[in-house]
Trainee: 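Quick one: the structure is below, questions incoming.
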Amino acid sequence: HHLAGAAGLVGLTVLLGSAFGLVLAVSGWRAKAHPLAVTLGGGVALAALGALYAGGLFPYFILLRVRPQGVALLTLVLAIVVAADTAAYFWGSLKGRARLLVRVSPKKTVEGAVAGLIASVAAGIVVAPVLGLGLRAGRVAGFSAALGAMAEVGDLAGSAFKRVCGVKDSGWVFPGHGGLLDRATSLAFAAVLAYYYNRVFL
C-alpha cells in the first residue's frame, strides 16, 4: 500500500513537471507564423505526448471511482473544479487586469486564478461534510486548494497543447469553448491528485 502510494506520488511529480514544462515552454515561445508541431518536423513526438497525456490521465476517473469513498471523492472533485472554473471565469471577466500567461491562454488573469482558488476552498468546505467524508475542515481546505491549483495547471496544459498545435479548439464538441478535451483536462488533473490523496491519506 505504502509502496504503491510512493510510486504514485513519483508519477504525479513527473506528470506535474511535464505539464509545467510544457506551459512554460509555450509561454516563452515567440514563433508566430507556424505552430510548433510543424516547426519540429511533423509533430510525431507531440502526437505521442498527446496520446500519453490523454491515455494516462483519464483512467484515473475509474481508478478513483473504485477506491473506498470513491463516489464521494469524485463528486467532491467535480464540485471543487466546477466552482473554481466558474469563479475564475466570472471574476476574471469582471475584475481581471493582470494577465496570467498570455501566450498560453490570453484571457486568463491572476485575479481570476486567485478567485478560483478561493472558490475551490469554499466549495470543498461546504460539500465535503454533505458527502460524509469525515475530514477535518483544515484538511478539506488544504485538499480543496490543491485540487483547485491542479485544475488550473491542467487547464493551462490543455491550452498549451492547443497553442503548440496551432488550433483554437481541441475538437468539434463544445466549439468556441476549447473542445471536449479542454473542458476535461482540469477535471482529469484533479482526479489524479484525488486518487493519490485517497491512496496515501484515506
Side-chain angles (χ1 to χ4, degrees), residues 12 15-29 53-54 57-58 60-61 64 73-128 130-131 137-165 167-171 173-197:
L12 179 59
L15 171 67
L16 277 175
S18 301
F20 274 118
L22 179 64
V23 170
L24 291 175
V26 173
S27 68
W29 173 47
Y53 176 72
L57 288 177
F58 288 93
Y60 279 92
F61 288 109
L64 181 59
L73 278 171
L74 271 175
T75 305
L76 182 62
V77 168
L78 181 62
I80 289 172
V81 173
V82 168
D85 285 349
T86 303
Y89 174 77
F90 283 108
W91 190 255
S93 299
L94 290 172
K95 300 293 184 180
R97 296 293 182 271
R99 299 298 174 183
L100 188 61
L101 290 171
V102 176
R103 291 192 180 92
V104 177
S105 188
K107 295 183 179 180
K108 284 186 172 59
T109 64
V110 174
E111 294 86 352
V114 172
L117 284 177
I118 294 172
S120 67
V121 174
I125 291 175
V126 170
V127 174
V130 177
L131 296 173
R139 175 169 287 188
V140 171
F143 176 60
S144 300
L147 280 184
M150 184 72 85
E152 184 66 31
V153 170
D155 197 18
L156 288 170
S159 295
F161 266 114
K162 290 190 300 179
R163 298 295 176 267
V164 166
C165 294
V167 298
K168 182 178 184 296
D169 294 328
S170 59
V173 180
F174 303 133
H177 291 267
L180 180 60
L181 183 61
D182 195 65
R183 294 294 86 196
T185 48
S186 55
L187 279 169
F189 271 66
V192 174
L193 176 62
Y195 172 78
Y196 289 119
Y197 179 89

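The first residue of the sequence shown is numbered 1, and numbering continues consecutively from there.
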Trainee: Considering all heavy atoms of both residues, which atom of Ile125 and which atom of Val140 are nearest to each other, and what is their separation?
Mentor: N-CG1, 3.7 Å
Trainee: Should Ile80 and Val127 be marked as a side chain to side chain contact (heavy atoms under 4.5 Å, CB included) after you check the CA-CA gap, both sets of side-chain angles, and the distance that decides it?
Mentor: CA-CA 9 Å; Ile80 289 172; Val127 174; over 6 Å; no
Trainee: Which atom names give the shortest non-hydrogen contact between Leu147 and Ala194, and what distance separates them?
Mentor: CD2-N, 4.2 Å
Trainee: Ignoring hydrogens, what is the shortest heavy-atom contact between Ser186 and Asp85? Give both atom names and the distance.
Mentor: OG-OD2, 3.4 Å
Trainee: Decide if atom CZ of Phe90 counts as having more than 12 heavy atoms of other residues, nucleotides or ligands within a radius under 6.0 Å.
Mentor: no
Trainee: Would a 4.5 Å heavy-atom cut-off, applied to side chains only, mark Phe143 and Leu76 as touching?
Mentor: yes
Trainee: Test of understanding: with side chain to side chain contact (heavy atoms under 4.5 Å, CB included), list the residues that count as partners of Ala146, not counting sequence neighbours.
Mentor: Leu193
Trainee: Show the numbers, then the answer: is there a side chain to side chain contact (heavy atoms under 4.5 Å, CB included) between Val114 and Trp91?
Mentor: CA-CA 9 Å; Val114 172; Trp91 190 255; over 6 Å; no
Trainee: If you compare all heavy atoms of Ala145 against all heavy atoms of Ser120, which two are closest, and at what distance to 0.1 Å?
Mentor: CA-OG, 4.0 Å
Trainee: Going through the distances and angles, do Leu100 and Val110 end up as a side chain to side chain contact (heavy atoms under 4.5 Å, CB included)?
Mentor: CA-CA 5 Å; Leu100 188 61; Val110 174; 4.0 Å; yes
Trainee: Distance check, rounded to the nearest 0.5 Å: Tyr60 atom OH versus Leu74 atom CG?
Mentor: 14.0 Å
Trainee: Might you point out which heavy atoms bring Ala87 and Ala115 nearest each other, and give the distance in Å?
Mentor: CB-O, 3.7 Å
Trainee: Within the 4.5 Å heavy-atom criterion, are Val121 and Leu117 side-chain neighbours or not?
Mentor: no
Trainee: Show the nearest heavy-atom pair for residues Arg97 and Glu111, with the distance to one decimal.
Mentor: N-OE1, 3.1 Å
Trainee: Give, for atom OH of Tyr89 and atom CG of Leu94, the distance between the pair rounded to the nearest 0.5 Å.
Mentor: 9.5 Å
Trainee: When rounded to the nearest 0.5 angstrom, what is the spacing between CG in Leu187 and CG in Asp155?
Mentor: 10.0 Å
Trainee: Heavy atoms, side chains only, cut-off 4.5 Å: are Phe189 and Val81 in contact?
Mentor: no
